[in-house]
S.K.: 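Structure provided below as structure tokens; questions to follow.
These values consider heavy atoms only, across backbone and side chains, with no hydrogens, waters or symmetry-generated copies. Note that the structure is a prediction, hence the values are computed from the model and not measured.
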Amino acid sequence: MPQASVHAVRREAYHDDMDLLAHPLGTVELLVVDTETNGLSGELCEVTEVGAVLVGGGELHDRWSSLVATAAPLRRGIQRFTGITQAMVDAAPPAEPVMRELASRLEGRVLVAHNAPFDKRVLRQAFDRGGLEWPDPPVLCTASLARALLPLQRVRRLSALADALGIDVDLAHRALPDAETCARVLCALFPRLCANAGTVADAVALLAPRRPRRASRPRGLAAAPPCPPAVDFAQLPRDPGVYLFRDARGATLYVGKSVSIRSRARAHFAPAAGDAEWTAHAAIVDYRSTQSELGALVLENRLIKELGPPGNVRLTRRDDRLVYLRCRLDIPFPILEVAREPAPGHAVTIGPLRGRRLVLELAEQLDSLFGLRHCGRRLPRREHPSAYGQMGRCLSPCLGDLDPNLYRRRLDAALGLFIGDANGRRRLLEHVEAQMSAAAAERRYERAAWLRRRLRRLEAVLSGLGGVLQATHAQPRLVLAAHPTDRRFDAFWLVGGRVADWGEMPDLDELERRTAAALTRLGGARGVGTHVPPAEVDEVRIVANWLASHPETPSLVLDPPPGREALERFVAAPASGERAELPSERFDRDVDAFEPAIPA
């Protein structure tokens, strides 16, 4: 039987026997389509060429293509890009006969395209221009197919997929060659698709676009028609701080922060800002100035918690590239873990650090060096040591016969490396070097060689690790956060990793009094660990992240408490434009001259 007759019989069988969506995917016919357009967007987009390749049984069969006449002239750029000239489309048939031919080829078949939503949209517009009804076939997208079946393939352009699958591409940006490339990509992935989808309906569901969750209306706001805001922005300053939008009754709708209050508050009502439910209700804008960006961040966080405005879906934004090495001290035999937030409760938090993979390796190195647990928070009970225990790299508290005091001494020794000055990197290397020298002196040469390898790897890890390798609660400090343009400052008293007090930098008498008052909160911060209430965890993160990204910020260590003369010298340097050397800078200067002596 001729091939065309076979196709006709198959199409008739689809209609007679079952709906196309219920048809087994392995025996269905697929029409792979590609379009070229005039490069315009929206309703102005017109098809200039369409190409189609019939795929059945994992093989390419019929091929068809046609140029399409356009109403608007082609731009020179799109002519150079596709190679389709104005003369070619002028001589081409109009949309109606081309789309009618395409509709006949789509009958009883599945439409396949790369980035199918685009091709489907421009084809529907072409059908509308030709006065034809869109046939509405089932649609599969090869870009979605690659996303589902090739998760490690990050670049999903058609040429990149073809290259990854070993498919040669001779010509691009013409409809039929691109349709053939797309068809070959489909054939390469078709066995995997059939293994995951039995019918056409299953395949459509598998490759359905992931629709973003629709934003729900913030609680407390009734629907209101959009209208221009009756808000007076002239009174707002250009200083850092927080702005509060309120409705006509004075209820707070939204709290925001900026280094320039007026500019940021006005931006909410710019045409490009997008629609927000609360903007239609805004009638009053209030503000609270600060002297620094850090002050604005802390004040915004506190006001959002205090007022609960319905327009604030999230608190302050988080940099997901920063992580913390932390240890919860309120569990039996505590462990080191890596997380995106500081630890609440009685804990030690080190960071923030940049480079999650390196931080995970650092935690593993510390566990092995000090014999700490490598397992999770819940302590399993074992009859025999784990692999780490058998290698001598874990004290094996899981056996139930370990003295908790011995484990705690090891843990305190590990955490103690990062409590004190900011030179946690150097102290860790010095510790390993001392252990290595002691093992060599005791003629434990295998352990000395193991420690030498650890030392070399730690040097590489620490050199690539960004951030502050220091416990957040270490060294109570007075920090001066500067105004972005003027020589004004917010003063922050950081004790136990928390903000004990803050505000505009006062005069010397008030500064001395508030410093003494802040240090009364020192409590257990001198030892290993501190207690951070869960409600203040995000504030600890905000302050730590900001300080890590602003290493030039003047900072005065308050342990031991400074005298009046030390405070006077400290505030005089920023006020005059000078800057004292920071602990991190002292470390950078010292580490350049520090080279651990590794015995041969």
S.K.: Going through the checks in order, is the side-chain hydrogen bond (donor to acceptor under 3.5 Å, both in side chains) test met by Asp202 and Thr199?
M.R.: CA-CA 5 Å; Asp202 294 336; Thr199 64; 3.2 Å; yes
S.K.: Is atom CZ of Arg121 surrounded by more than 12 heavy atoms (other residues, nucleotides or ligands) closer than 6.0 Å?
M.R.: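 Counting other residues, nucleotides and ligands, CZ of Arg121 exceeds 12 neighbours.
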S.K.: Checking Gln79 side chain against Gln86 main chain: does a donor-acceptor pair fall under 3.5 Å?
M.R.: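 Yes; at least one donor-acceptor contact below 3.5 Å.
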S.K.: Specify the closest pair of heavy atoms between Leu60 and Cys187, including all atoms of both residues, with the distance to one decimal.
M.R.: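 Heavy atoms only, the tightest pair is CD1-SG, 3.7 Å.
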S.K.: Main chain of Leu465, side chain of Arg425: is a donor-acceptor contact present, judged purely on distance under 3.5 Å?
M.R.: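 The answer is yes, because a donor-acceptor pair under 3.5 Å joins these two groups.
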S.K.: For Val68, is there any backbone N or O sitting under 3.5 Å from a side-chain donor or acceptor partner on Thr48?
M.R.: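 Not at all, since once roles are kept as given, no pair shorter than 3.5 Å links the two residues.
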S.K.: Would you give the length of the straight line joining atom CZ of Arg541 to atom CG of Leu297, rounded to the nearest 0.5 angstrom?
M.R.: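 Answer rounded to 0.5 Å: 10.0 Å.
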S.K.: Looking at side-chain heavy atoms only, is the closest gap between Val110 and Leu140 below 4.5 Å?
M.R.: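 Val110 reaches Leu140 side chain to side chain.
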S.K.: Using a strict threshold of under 4.0 Å (side-chain N to carboxylate O), is an ion pair present between Glu361 and Arg457?
M.R.: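 Yes.
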S.K.: Hey, are the side chains of Asp163 and Ile167 touching, using non-hydrogen atoms and a 4.5 Å cut-off?
M.R.: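 No, too far: nothing below the 4.5 Å cut-off.
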S.K.: So Tyr243 and Arg264, side chain to side chain contact (heavy atoms under 4.5 Å, CB included) or not? Walk me through it.
M.R.: CA-CA 9 Å; Tyr243 53 90; Arg264 184 67 187 97; 3.3 Å; yes
S.K.: Considering the options Leu123, Val139, Val112, which one meets the side-chain contact (heavy atoms from CB on, under 4.5 Å) requirement together with Val33?
M.R.: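 Between Val33 and the candidates, side-chain contact (heavy atoms from CB on, under 4.5 Å) is satisfied uniquely by Leu123.
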S.K.: Can you tell me how far CG of Leu150 sits from CG of Leu145, rounded to the nearest 0.5 angstrom?
M.R.: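 Separation between the atoms: 7.5 Å.
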S.K.: Taking side chain as C-beta onward, heavy atoms only, is Trp134 less than 4.5 Å from Arg124?
M.R.: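 Trp134 reaches Arg124 side chain to side chain.
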S.K.: Is atom CD of Glu43 surrounded by more than 12 heavy atoms (other residues, nucleotides or ligands) closer than 6.0 Å?
M.R.: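 Counting other residues, nucleotides and ligands, CD of Glu43 stays at 12 neighbours or fewer.
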S.K.: Where do Arg356 and Leu360 land on the side chain to side chain contact (heavy atoms under 4.5 Å, CB included) test, with the steps shown first?
M.R.: CA-CA 6 Å; Arg356 182 180 181 86; Leu360 288 168; 4.2 Å; yes
S.K.: Could you tell me if the side chain of Thr70 sits less than 4.5 Å from the side chain of Val47, heavy atoms only?
M.R.: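 Side-chain contact under 4.5 Å: no.
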S.K.: Looking at Leu67 and Pro93, what are the two nearest heavy atoms and their distance?
M.R.: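 Minimum heavy-atom contact is O-CD, 3.6 Å.
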S.K.: So with a 6.0 Å cut-off around CZ of Arg266, is the heavy-atom count from everything else above 12?
M.R.: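 Not more than 12 within 6.0 Å, no.
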S.K.: Would Asn38 and Cys45 count as a side chain to side chain contact (heavy atoms under 4.5 Å, CB included) if you check the C-alpha gap in whole Å, the side-chain angles of each, and the deciding distance to 0.1 Å?
M.R.: CA-CA 6 Å; Asn38 60 359; Cys45 182; 4.3 Å; yes
S.K.: Measure the CG-CG distance between Leu322 and Asn545 for me, rounded to the nearest 0.5 Å.
M.R.: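 Separation between the atoms: 5.0 Å.
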S.K.: Hey, are Glu306 and Arg302 close enough for a salt bridge, meaning a charged N less than 4.0 Å from a carboxylate O?
M.R.: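 No.
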S.K.: Between His23 and Thr27, which heavy-atom pair has the shortest distance, and what is it?
M.R.: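 Shortest heavy-atom contact: CE1-OG1, 3.0 Å.
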S.K.: About how many Å separate CZ of Phe489 and OG1 of Thr290, when rounded to the nearest 0.5 Å?
M.R.: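 If we round to the nearest 0.5 Å, Thr290:OG1 and Phe489:CZ are 13.5 Å apart.
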S.K.: Take Thr35 and Asp178 through the test side chain to side chain contact (heavy atoms under 4.5 Å, CB included) and record every step on the way to the result.
M.R.: CA-CA 9 Å; Thr35 58; Asp178 283 352; over 6 Å; no
S.K.: Given 3.5 Å as the limit, does a donor-acceptor pair link the side chain of Arg109 with the main chain of Arg105, or not?
M.R.: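 Here the side-chain-to-backbone pair exists.
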S.K.: So does Glu293 pair up with Lys257, basic N to acidic O under 4.0 Å?
M.R.: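 Here Glu293 does not pair with Lys257 in a salt bridge, since their nearest N and O are not under 4.0 Å apart.
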S.K.: Quick check against the 3.5 Å criterion: does Glu46 have a side-chain atom that pairs as donor or acceptor with the backbone of Ala71?
M.R.: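 Yes, the answer is positive, given that a donor and an acceptor are paired below the 3.5 Å cut-off.
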S.K.: Could you grab the distance from atom OG of Ser549 to atom CZ of Arg354, nearest 0.5 Å is fine?
M.R.: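 If I round to the nearest 0.5 Å, the distance is 8.5 Å.
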S.K.: Short question: side chain of Asn115, backbone of Phe118 - any donor-acceptor pair under 3.5 Å?
M.R.: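 Between the backbone of Phe118 and the side chain of Asn115 there is no qualifying donor-acceptor contact (under 3.5 Å).
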S.K.: If I compare all heavy atoms of Pro237 with all of Ile261, which pair ends up nearest, and what's the gap?
M.R.: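 Heavy-atom minimum between the residues: O-CB, 3.6 Å.
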S.K.: Would Thr252 and Arg246 count as having a side-chain donor-acceptor pair, cut-off 3.5 Å?
M.R.: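 A pair is found: one side chain offers a donor N or O, the other an acceptor, under 3.5 Å apart.
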S.K.: Just verifying a value: how many Å separate Ile84 CD1 and Ile78 CD1, rounded to the nearest 0.5 Å?
M.R.: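 With rounding to 0.5 Å, CD1 (Ile84) is 8.0 Å from CD1 (Ile78).
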S.K.: Check Arg174 with Glu49, please: is the shortest side-chain N to carboxylate O separation under 4.0 Å?
M.R.: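 Salt bridge between Glu49 and Arg174, a charged N being under 4.0 Å from a carboxylate O: yes.
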S.K.: Please confirm whether the backbone N or O of Ser292 pairs with a side-chain atom of Asp490, one donor and one acceptor, at under 3.5 Å?
M.R.: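 Checked: pair present.
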S.K.: Under a 4.0 Å N-O cut-off, is there an ion pair linking Asp239 with Arg262?
M.R.: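 Looking at Asp239 and Arg262, the cut-off is not met.
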S.K.: Has the side chain of Thr85 got a donor or acceptor atom that lies under 3.5 Å from a matching backbone atom of Met88?
M.R.: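 It does hold such a pair.
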S.K.: With side chains defined as the heavy atoms from C-beta onward, is the minimum distance between Asn301 and Ile542 less than 4.5 Å?
M.R.: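 They are in side-chain contact.
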S.K.: Any idea how Trp546 and His550 line up, ring-wise: parallel (<30°), tilted (30 to 60°), or perpendicular (>60°)?
M.R.: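 It falls in the parallel class, under 30°.
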S.K.: Could you go through the salt bridge (Lys or Arg N to Asp or Glu O under 4.0 Å) check for Arg184 and Asp168 one step at a time?
M.R.: CA-CA 10 Å; Arg184 296 184 189 280; Asp168 295 331; over 6 Å; no
S.K.: Counting only N and O atoms by type, is there a donor-acceptor contact under 3.5 Å from the side chain of Glu337 to the main-chain atoms of Arg326?
M.R.: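 Here the side-chain-to-backbone pair does not exist.
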S.K.: Do Thr485 and His483 have side chains that get closer than 4.5 Å, going by heavy atoms?
M.R.: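 Answer yes - side chains close enough.
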S.K.: Any idea which heavy atoms bring Val50 and Met99 closest together, and the distance?
M.R.: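 Residues Val50 and Met99, closest heavy atoms: CG1-CE, 4.4 Å.
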S.K.: So, for Pro117 and Cys141, which heavy atoms are closest and what is the spacing to 0.1 Å?
M.R.: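 Between these two residues, the closest heavy atoms are CD-SG, 4.5 Å.
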S.K.: With a 3.5 Å distance limit and no angle check, can you tell me whether His61 reaches the backbone of Gly56 through a side-chain donor-acceptor pair?
M.R.: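 Checking the backbone N and O of Gly56 against the side chain of His61, a donor-acceptor pair under 3.5 Å is found.
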S.K.: Contact between Leu176 and Trp64 at the side-chain level, heavy atoms closer than 4.5 Å - yes or no?
M.R.: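 No, too far: nothing below the 4.5 Å cut-off.
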S.K.: Answer yes or no: does atom CZ of Arg157 have more than 12 heavy-atom neighbours from other residues, nucleotides or ligands under 6.0 Å?
M.R.: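 Counting other residues, nucleotides and ligands, CZ of Arg157 stays at 12 neighbours or fewer.
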S.K.: Between the side chains of Tyr254 and His281, is a donor N or O closer than 3.5 angstrom to an acceptor N or O?
M.R.: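 No pair is found: no donor N or O on one side chain lies under 3.5 Å from an acceptor on the other.
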S.K.: Thr142 versus Leu189: any side-chain heavy-atom pair under 4.5 Å?
M.R.: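 No, their side chains stay 4.5 Å or more apart.
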